[in-house]
Amino acid sequence: MMQLKDILYGVRITAVSGTTTCDIASVQFDSREVQKSDAFVAIKGTITDGHKYIDAVVKAGARAIICEELPAAMVDDVTYVQVESGNQALALMASNYYGTPSKNLKLVGVTGTNGKTTVSSLLYQLFKKAGYKVGLLSTIKIMVDDTEFPTKHTTPDALVINKHLKLMNDAGVEYCFMEVSSHGIHQKRTEGLAFAGAIFTNLSHDHLDYHKTFAEYRDTKKILFDQLPKTAFALTNLDDKNGLVMLQNTKARKATYALKNYADYRAQILENQFDGQLLKINDNELWSKLIGHFNAYNMLAIYATADLLGMDQLETLRLISELENVDGRFQYYISKNRITAIVDYAHTPDALKNVLETINTLRTGNENVITVVGCGGDRDRSKRPVMGNIATEMSNKVIFTSDNPRTESPTEIITEMEAGVEPQNVKKMLSIENREQAIKTACQLAADNDIILVAGKGHETYQETNGVRVEFDDFKIVKELLSSLDK
Ligand SMILES: CC(=O)N[C@H]1[C@@H](OP(=O)(O)OP(=O)(O)OC[C@H]2O[C@@H](n3ccc(=O)[nH]c3=O)[C@H](O)[C@@H]2O)O[C@H](CO)[C@@H](O)[C@@H]1O[C@H](C)C(=O)N[C@@H](C)C(=O)N[C@H](CCC(=O)O)C(=O)O
Ligand SMILES: Nc1ncnc2c1ncn2[C@@H]1O[C@H](COP(=O)(O)OP(=O)(O)OP(=O)(O)O)[C@@H](O)[C@H]1O
Ligand SMILES: N[C@H](CCC[C@H](N)C(=O)O)C(=O)O
Ligand SMILES: [Mg+2]
C-alpha cells in the first residue's frame with residue numbers, strides 16, 4: 001500500500017475531490033484490471049475512452065479516479081483527481097509507485113526509425129561482456145540482467161517499464177538500455193524517467209498513419225532530447241539530415257557521430273565481407289561481425305555511447321569485435337548448394353533499401369537475389385508502394401506476400417505494394433499470399449549460389465491475422481525448406 005498523495009507527486013493536477021491521504025493498492029489504466037483500493041487512470045485512446053469505464057471501476061472497488069474530465073456524479077469515499085493529461089499522470093504515477101527506479105541506474109534511450117533494437121541489444125551485450133549487470137527493454141524481449149521477460153511492444157506502457165526497472169534495481173543492475181518508439185513518446189510512456197543519455201539513429205518513412213506528417217513524426221522523436229537533464233548526454237547521427245534537429249533544444253551534453261561528416265566520433269569502412277567488416281573508428285581499427293553500411297553506424301553509436309558512459313576505449317573496441325548479430329537482423333544460413341538465405345526485420349523502405357544495398361555489395365558474380373517481402377496490416381499504408389518499388393528495383397526476382405495482415409485483406413495490401421512497381425520491373429514480380437508458399441517458391445527458384453532475402457518479420461515467431469497469432473518463423477522455415485528440397 002502507498003498513499004495517493006505520494007503516488008501523485010509531480011503530476012499536474014487541476015482539481016481534487018476527496019482526500020489524497022488514502023492508501024492505494026496499485027495503479028491501473030485498464031478497467032478490466034481494477035481491484036479493490038486501486039487507483040484508475042482514465043486515458044483517451046484511439047479506439048475508446050477510459051472515462052467511459054469510471055462507473056465500472058468504482059463498482060469494482062477503485063479508491064481513486066484520475067481523469068481529465070470529472071464525472072457529473074461522484075461517489076463518497078472515492079477520491080477524484082482531475083489532471084491535465086491522463087498519459088502524463090500515468091507515467092509519473094507509475095514511476096512514483098515503483099520508487100522512481102530509473103534514478104537508481106543509468107538509463108539510456110535509443111530512438112530513430114531503424115536500428116533501435118540493434119543498438120540497444122548490442123549495448124546490452126557489450127556492457128554484459130564488460131562485467132556489469134545490465135537491463136534491456138526492446139522489441140524482442142525485456143532482460144533484467146540474465147532473466148528474460150516477454151514483451152509485446154517496443155516501448156511498453158509506463159507501468160510495465162517501471163515495474164521492470166524496479167526489478168532491475170532489486171537485481172543490482174547498473175545500466176539499462178531501452179528502445180524509445182515514437183508511439184511511446186507521443187503517449188508519454190517514458191515521461192518522468194531519469195535518462196542518463198539518449199541516442200538518435202536516423203529518421204525515415206514510417207508510421208505516417210499515426211503521426212500524419214513527417215514533421216510531426218520528427219518532432220515527436222525530438223521530445224526525448226528536449227526532456228533530457230543537463231547531466232545526461234545527447235548523441236546524434238550527423239549524417240542524417242534530422243540529426244542536428246534532435247539537439248536543437250536539449251540541455252544535455254551534445255555528442256555527434258558520422259561516417260560522412262566531421263563529428264566527435266567518426267568511422268570509415270575499410271573492408272566489407274559476408275562474415276564481417278573492418279572499420280576504422282576515430283584512430284583505431286575495429287573488426288565487427290555485423291556487416292553492412294548501416295551496421296557501421298550502429299557500431300559507431302555503441303562505441304560512442306560506451307565512451308560517453310566512461311568505459312575504457314580500447315577495452316570497448318576489443319569487446320565490440322566479439323558482439324554477435326541480433327536475432328532476425330541479417331541472420332543468414334548457407335545451404336549445401338551455397339544458397340544464402342537472409343532473414344531481416346527490414347519493414348520500412350529505408351531498411352529494405354539498406355539491406356538490399358548491402359547484399360548487392362557482397363555479390364561476387366552473377367548470382368541472383370530473390371526477395372520475399374510483405375507489409376503489415378493496420379499500419380502505415382503509404383510505405384507499401386515504396387517498398388514494392390525498392391524490392392523490385394534492387395532484386396532479380398520478388399515475391400510479394402503477407403506480413404501480419406491484422407484486420408486488413410492480404411490481397412489488398414499486396415495490390416498496394418504492386419502499385420509501386422515500375423513497368424520495366426513488373427516481369428520480376430510474383431504475388432503469393434501464403435507466406436510459407438512464397439518462401440517455398442523462392443527456394444524452388446533459387447539456383448546454386450543465389451541469395452534469398454526474406455524481409456519484414458525478422459525475429460517474429462508468429463503471423464497475425466484478425467487478432468490471432470499463428471506460429472511462424474521465417475528463419476526456421478527457409479532453412480527447413482532448403483534442406484527438404486535438397487538444395
Ligand atoms: C495506436 C496505439 O499505440 N495504441 C495503444 C493505445 O491504445 P488505444 O489508444 O487504442 O487505447 P484504447 O483501446 O482506445 O483504450 C483507451 C483506454 O481505455 C482503456 N480501456 C479500454 C477498454 C476497456 O474495457 N477498459 C478500459 O479501461 C484502455 O486500457 C486505455 O487506457 O494504448 C494502449 C495502452 O497503452 C496500447 O496497448 C495501444 O498499443 C497498441 C496495442 C499498439 O499496437 N501499439 C503499437 C502501434 C505501438 O505502440 N507500437 C510501437 C512501436 C512502433 C515502432 O516500431 O516504432 C511500440 O512502442 O511498440
Ligand atoms: N542504423 C540503421 N540504419 C538503417 N537501417 C538499419 C539500421 N540498423 C538496422 N537497420 C535495418 O532496419 C531493420 C530493423 O532494425 P532494428 O530492429 O534494429 O530497428 P528498430 O528501430 O528497432 O525497429 P522497430 O521500430 O520495429 O522497433 C534491420 O533488420 C535492418 O534491416
Ligand atoms: N514495430 C513495428 C513492427 C513492424 C513489423 C512488421 N512485421 C509488421 O508486423 O508490420 C510496428 O508495429 O509497426
Ligand atoms: Mg525495435
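Atoms within each ligand, like the ligands themselves, are counted from 1 in listed order. Numbers here are sequence positions counted from 1. The basis for the numbers below is simple: all heavy atoms, side chains too, and nothing from hydrogens, waters or symmetry mates. As the structure is a prediction and not an experimental result, all values here were calculated from the model.
Of all the listed residues (Thr154, Thr46, Ile47), Thr46 holds the heavy atom that lies closest to atom 7 (O) of ligand 1. The closest heavy-atom contact to atom 49 (N) of ligand 1, among the options Lys116, His183, His51, comes from His183. One option in Arg379, Gln187, Lys152 has a heavy atom closer to atom 43 (O) of ligand 1 than any other, and that option is Arg379. When Lys221, Gln28, Arg32 are checked for heavy-atom proximity to atom 22 (C) of ligand 1, Arg32 turns out nearest.
Any N or O atom pair closer than 3.5 Å counts here, and Thr48 shares at least one such pair with ligand 1. Note: an N/O pair closer than 3.5 Å links Asn202 and ligand 2 by distance alone. Checked against a 3.5 angstrom limit, the closest N/O atoms of Gly115 and ligand 2 fall inside it. In terms of N/O distances under 3.5 Å, ligand 1 is approached by His153. Looking at Thr155 next to ligand 1, an N or O pair under 3.5 Å apart turns up. Of the N or O atoms in Gly184, none lie within a sub-3.5 Å distance of an N or O in ligand 1. Taking distance alone, with nitrogen or oxygen atoms compared against 3.5 Å, Asn295 stays at or beyond that limit from ligand 2. Checking only distances, Phe29 does come within under 3.5 Å of ligand 1, N or O to N or O.
Between the Ser395 side chain and the Val369 main chain, no donor and acceptor come within less than 3.5 Å of each other. Side-chain N or O atoms of Thr14 include one that pairs as donor or acceptor with a backbone N or O of Gln82 at under 3.5 Å. The backbone N or O of Phe330 lies less than 3.5 Å from a partner atom in the side chain of Asn325, making a donor-acceptor pair. Judged purely by atom type and a 3.5 angstrom limit, His186 has no side-chain atom pairing as donor or acceptor with the backbone of Ser182. Judged by distance alone, the side chain of Arg329 and the main-chain N or O of Val326 form no donor-acceptor pair under 3.5 Å. With Asn295 contributing its side chain and Asn298 its backbone, the two residues share no donor-acceptor pair below 3.5 Å. Panel note: side chain Glu179, backbone Ser120; no donor-acceptor pair is recorded below 3.5 Å. Remark: the backbone N or O of Asp473 is not paired with any side-chain donor or acceptor of Glu460 at under 3.5 angstrom. Under the 3.5 Å distance criterion, the side-chain polar atoms of Asp403 are left unmatched by any main-chain donor or acceptor of Val373.
Of the protein's non-hydrogen atoms, Ile43 O, 3.3 Å is the one closest to atom 17 (C) of ligand 1. The protein non-hydrogen atom at the shortest distance from atom 25 (O) of ligand 2 is Lys116 NZ, 2.8 Å. Residue, atom and distance of the protein heavy atom nearest to atom 57 (O) of ligand 1 are Ser181 OG, 2.6 Å. Annotation: atom 26 (O) of ligand 2 to nearest protein heavy atom, His347 NE2, 2.9 Å. From the protein, the heavy atom lying nearest to atom 8 (N) of ligand 2 is Asn298 ND2, 3.0 Å. From the protein, the heavy atom lying nearest to atom 17 (O) of ligand 2 is Arg329 NH2, 2.6 Å. Protein heavy atom closest to atom 11 (O) of ligand 1, with residue, atom name and distance, is Gly45 CA, 3.9 Å. Of the protein's non-hydrogen atoms, the one nearest atom 55 (O) of ligand 1 is His207 NE2, 2.9 Å. The protein atom (non-hydrogen) at minimum distance from atom 30 (C) of ligand 2 is Asp344 OD2, 3.4 Å. When hydrogens are left out, the protein atom nearest atom 4 (C) of ligand 2 is Asn354 ND2, 3.0 Å; that is the closest non-hydrogen contact. Summary of contacts: the protein heavy atom closest to atom 10 (N) of ligand 2 is Phe294 CD1, 3.6 Å. Regarding atom 12 (O) of ligand 2, its nearest protein heavy-atom neighbour is Ala351 CB, 3.3 Å. Atom 1 (C) of ligand 1 has as its closest protein heavy atom Tyr210 CE1, 3.9 Å.
Of all atoms in ligand 1, listed by their number and element, those nearer than 4.0 Å to a heavy atom of Ser31 are 23 (C), 24 (O), 25 (N), 26 (C), 27 (O). Those atoms of ligand 2 that come under 4.0 Å of a heavy atom in Glu179, given as number and element, are 22 (O), 27 (O). Atoms of ligand 2 lying under 4.0 Å from at least one heavy atom of Thr154, given by number and element, are 27 (O). Taking every non-hydrogen atom of Arg189 and a distance limit under 4.0 Å, the qualifying atoms of ligand 1 come out as 3 (O), 48 (O), 56 (C), 57 (O). Here is the list of ligand 2 atoms found below 4.0 Å of a heavy atom in Val355: 31 (O).
Using cut-offs of 30° and 60° for the angle between ring planes, the Phe225 and Phe200 rings count as perpendicular.
Counting heavy-atom neighbours within 6.0 Å of Lys289 NZ, excluding the residue itself, gives a total above 12. Within a 6.0 Å sphere centred on CD of Gln35, heavy atoms belonging to other residues, nucleotides or ligands number 12 at most. Annotation for Gln273: atom CD counts as buried by contact number, over 12 foreign heavy atoms lying within 6.0 Å. Counting non-hydrogen atoms of neighbouring residues, nucleotides and ligands closer than 6.0 angstrom, the CZ atom of Arg218 exceeds 12 such neighbours. Counting heavy atoms of neighbouring residues, nucleotides and ligands inside a 6.0 Å radius, atom NZ of Lys44 exceeds 12 of them.
The pair Glu471-Lys476 meets the salt-bridge criterion, with a side-chain N (NZ, NE, NH1 or NH2) lying under 4.0 Å from an Asp/Glu carboxylate O.
Taking the ring centroids of Phe177 and Tyr124, they lie at or beyond the 6.0 Å cut-off. Taking the six-membered ring where the residue is Trp, the centroids of His347 and Tyr345 are separated by under 6.0 Å. Not less than 6.0 angstrom separates the ring centroid of Phe475 from the ring centroid of His459.
Among the backbone and side-chain atoms of Thr139, an N/O/S atom is found under 2.8 Å from the Mg ion (ligand 4).
Heavy atoms of Thr113 come nearer than 4.0 angstrom to ligand 2 in at least one pair.
Heavy atoms of Thr117 found under 4.0 angstrom from ligand 2 belong to the backbone as well as the side chain. Counting heavy atoms under 4.0 Å from ligand 2, residue Thr139 touches it through the side chain alone. Under 4.0 angstrom from ligand 1, the non-hydrogen atoms of Tyr53 all belong to its side chain.
For the pair OG1 of Thr117 and OE1 of Glu179, the angle whose vertex sits at the Mg ion (ligand 4) is 100° to 10 degrees.
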Decide yes or no on salt bridge (charged side-chain N to carboxylate O under 4.0 Å, His left out) for Lys254 and Asp264, but give the supporting numbers first. CA-CA 10 Å; Lys254 298 172 186 168; Asp264 300 323; over 6 Å; no
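Atom 33 (C) of ligand 1 is never approached by the protein to below 4.0 angstrom, counting heavy atoms only.
For the pair Lys163 and Phe149, the cation-pi criterion (under 6.0 Å, within 45° of the ring axis) is not fulfilled.
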